[in-house]
Chemist: 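Before we start, here is the structure in question, set down as structure tokens.
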2 protein chains.
Amino acid sequence: MILKKDAENSFEAVSKGQPKPRLTAGQQSLLDTLQHQPQPLSAQALYGVMRRQQPIGLATIYRALETLKLLGLVQHRVTLTGETLYSAVEHDHHYLTCLQCGVSVPLETCPVQELAAQLQGTSSFRIYYHTLEFFGVCEGCEG
Amino acid sequence: MILKKDAENSFEAVSKGQPKPRLTAGQQSLLDTLQHQPQPLSAQALYGVMRRQQPIGLATIYRALETLKLLGLVQHRVTLTGETLYSAVEHDHHYLTCLQCGVSVPLETCPVQELAAQLQGTSSFRIYYHTLEFFGVCEGCEG
DNA sequence: TTGCAATATGATAATGATTATCATTCCAAT
DNA sequence: ATTGGAATGATAATCATTATCATATTGCAA
């Protein structure tokens with residue numbers, strides 16, 4: 001999925017004849033915040049970041065993330081410790097994670113785009129994003 | 001990674017000159033149970049299943065799953081509701097999940113094997129398994 | 001075989017991220 | 001301006017997972 005970078009309302013970029021919900025100020029604000037992060041963030045971390053700018057409740061963060069996820073604007077992945085990390089849907093960010101120490105190394109390549117496109121045609125799903133993660137043991141832990 | 005199906009001790013199949021820990025009775029039992037499941041199961045579900053055969057504590061299930069994961073014998077994935085599902089590492093099981101209703105459709109193809117092999121060489125990781133998941137909205141929910 | 005040390009197990013309490021609740025506030029359309 | 005519905009905040013509740021700790025089991029050496 002391709003996302004125009006500086007679209008007024010980012011939703012435009014992915015809506016394809018869908019009903020067009022407007023983002024609330026809070027949701028837009030969260031999306032902006034997320035788009036300026038170099039790393040995926042947990043809801044709690046976002047809470048900390050955003051609260052420095054404006055008063056906002058934790059529950060609102062969770063709800064906004066859920067909404068944005070449903071709109072295909074935000075994607076998630078789950079760490080080994082069970083926290084969910086969120087990021088704006090822009091590029092692919094895939095990881096190689098050590099099951100032992102938990103360190104995650106971002107990957108460059110993503111061979112999944114083609115399959116995604118193919119699935120889009122084959123299945124009856126409208127595909128928003130995907131996760132691809134490798135798990136193993138890193139050199140340091142390989143003892 | 002290829003796993004001989006009826007190996008005495010399944011660990012043999014993936015150990016490649018590693019220190020060779022023996023599985024405890026409980027761990028082996030859990031692995032057997034998992035290998036006979038057609039679907040990935042949560043720890044709690046495994047607790048329910050295994051308890052019908054023999055007395056076993058929930059904490060033991062979690063510990064055994066962790067151990068087997070570190071040995072490369074068991075893999076995990078996390079559902080939208082936050083529960084972790086475990087399965088024996090045998091085949092690839094990838095999914096297409098609806099963000100709205102949560103339904104998961106298993107996929108057939110897996111284009112990741114080559115990349116995995118490549119990564120094995122490039123990175124300093126010993127790769128055990130990977131997850132590949134697509135998220136979107138299914139036809140029914142596409143309102 | 002006996003005894004010791006290390007590891008595994010069970011039961012249960014504690015943790016912590018996420019959700020549900022509910023009263024209040026904001027918005028859009030009448 | 002008024003009203004109905006959605007959004008928000010604060011907080012309590014939920015629930016999978018972890019930590020704790022006492023007990024049981026195993027591996028190993030004498």
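Throughout, protein chains are lettered first and strands after them, A, B, ... in sequence-line order, and every chain is numbered starting at 1.
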Chemist: Please report the C-alpha distance between B:Val137 and A:Tyr128 in whole Å, then the side-chain angles of each, then the deciding distance to 0.1 Å, and finally whether the side-chain contact (heavy atoms from CB on, under 4.5 Å) criterion is met.
Modeler: CA-CA 8 Å; B:Val137 179; A:Tyr128 285 172; 3.7 Å; yes
Chemist: CD of B:Glu83 versus P of D:dT17: gap in Å, rounded?
Modeler: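 My rounded result for the distance is 7 Å.
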Chemist: So does A:Arg63 pair up with A:Glu66, basic N to acidic O under 4.0 Å?
Modeler: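 Not counted as a salt bridge, because no side-chain N and carboxylate O are separated by less than 4.0 Å.
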Chemist: Using atom types as modelled and distance alone, determine if a side-chain donor or acceptor of A:Thr60 lies under 3.5 Å from a backbone N or O of A:Ile56.
Modeler: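 Looks like no, no N/O pair under 3.5 Å.
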Chemist: Report yes if the side chains of B:Ser123 and A:Leu96 come closer than 4.5 Å at any heavy-atom pair, otherwise no.
Modeler: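 SC-SC contact between B:Ser123 and A:Leu96 confirmed.
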Chemist: Please give, in whole Å, the distance from D:dA10 C1' to A:Leu58 CG?
Modeler: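 Going from A:Leu58 (CG) to D:dA10 (C1'), I get 10 Å.
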Chemist: Could you give the CG-to-P distance, from B:Leu65 to C:dA8, as a whole number of Å?
Modeler: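 Taking atom P of C:dA8 as the reference, CG of B:Leu65 is at 15 Å.
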Chemist: Should A:Tyr62 be listed as having a side-chain N or O under 4.0 Å from OP1 or OP2 of C:dT19?
Modeler: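 Negative; the distance criterion is not met.
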Chemist: Rounded to the nearest angstrom, tell me the gap between atom CZ in B:Arg22 and atom C1' in D:dT25.
Modeler: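 Going from B:Arg22 (CZ) to D:dT25 (C1'), I get 16 Å.
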Chemist: Using side-chain heavy atoms (C-beta onward) and a distance below 4.5 Å, is A:Ser42 in contact with A:His76?
Modeler: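 The answer is no, as the side chains (C-beta and beyond) never meet within the 4.5 Å cut-off.
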Chemist: Figure out the CG/C1' separation between A:Leu70 and D:dA7, and round it to whole Å.
Modeler: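 The answer, rounded to whole Å, is 16 Å.
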Chemist: Do B:Gln75 and B:Thr131 have side-chain N/O donor and acceptor atoms under 3.5 Å apart?
Modeler: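 No, B:Thr131 and B:Gln75 have no side-chain donor paired with an acceptor closer than 3.5 Å.
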Chemist: Can you list everything that forms a side chain to side chain donor-acceptor pair (under 3.5 Å) with A:Thr79? Sequence neighbours excluded, please.
Modeler: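 Once residues adjacent in sequence are excluded, the partners of A:Thr79 under the side chain to side chain donor-acceptor pair (under 3.5 Å) criterion are A:Thr81.
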Chemist: Remaining members of A:Val78's ILVMFWY cluster at a side-chain heavy-atom cut-off under 4.5 Å?
Modeler: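 B:Val78, all in the cluster of A:Val78.
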Chemist: Between A:Thr24 and B:Gln44, which has a closest nucleotide on DNA chain D that is more 5'?
Modeler: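 The residue closer to the strand's 5' end, by nearest nucleotide, is A:Thr24.
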Chemist: Between C1' on C:dT7 and CG on B:Leu23, what's the gap in Å once rounded to a whole number?
Modeler: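 Result: 14 Å.
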Chemist: Touch check for A:Ser42, heavy atoms < 4.0 angstrom, all strands: base, sugar-phosphate only, or nothing?
Modeler: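 Here A:Ser42 touches no strand at all.
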Chemist: I'd like to know whether the aromatic ring centres of B:Phe134 and B:His94 sit less than 6.0 Å apart in this structure.
Modeler: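 No.
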Chemist: Does any part of the side chain of B:Leu30, heavy atoms only, come nearer than 4.5 Å to the side chain of B:Leu23, both counted from C-beta?
Modeler: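 A side-chain contact is absent here, since even the closest heavy-atom pair is not under 4.5 Å.
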Chemist: For B:Ile61 and for B:Leu80, find the nucleotide of DNA chain C with the closest heavy atom, then tell me which residue's nucleotide is more 5'.
Modeler: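 Nearest nucleotide further toward 5': that of B:Ile61.
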Chemist: Within this structure, what is the CD-to-P distance between A:Gln28 and D:dT8, rounded to whole angstrom?
Modeler: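 Interatomic distance, CD of A:Gln28 to P of D:dT8: 12 Å.
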Chemist: Using atom names, set out every protein N or O paired with an N or O of nucleotides 21-30 of chain C below 3.5 Å, distance rounded to 0.1 Å.
Modeler:
none

Chemist: Output side-chain donor-acceptor pairs under 3.5 Å for residues 44-53 of chain A, partner residues at least two apart or in another chain, one line each.
Modeler:
from    : atom 1 : to      : atom 2 : distance (Å)
A:Gln44 : NE2    : A:Tyr62 : OH     : 3.3
A:Tyr47 : OH     : A:Arg51 : NH1    : 2.8

Chemist: Quick check against the 3.5 Å criterion: does B:Gln28 have a side-chain atom that pairs as donor or acceptor with the backbone of B:Ala25?
Modeler: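 Here the side-chain-to-backbone pair does not exist.
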Chemist: Under a 4.0 Å heavy-atom cut-off, which of residues 45-56 of chain B touch DNA chain C?
Modeler: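 When residues 45-56 of chain B is checked for heavy atoms under 4.0 Å from DNA chain C, the hits, listed by number, are B:Pro55, B:Ile56.
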Chemist: With pairs taken as Watson-Crick or G-U wobble and both distances under 3.5 angstrom, which stems of at least three consecutive pairs involve DNA chain D?
Modeler: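 Stem list for DNA chain D: C:1-30 with D:1-30.
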Chemist: B:Thr60 has a side chain; which of D:dA16, C:dT9, C:dA17 sits nearest to it?
Modeler: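 For B:Thr60, the side-chain atoms sit closest to C:dT9.
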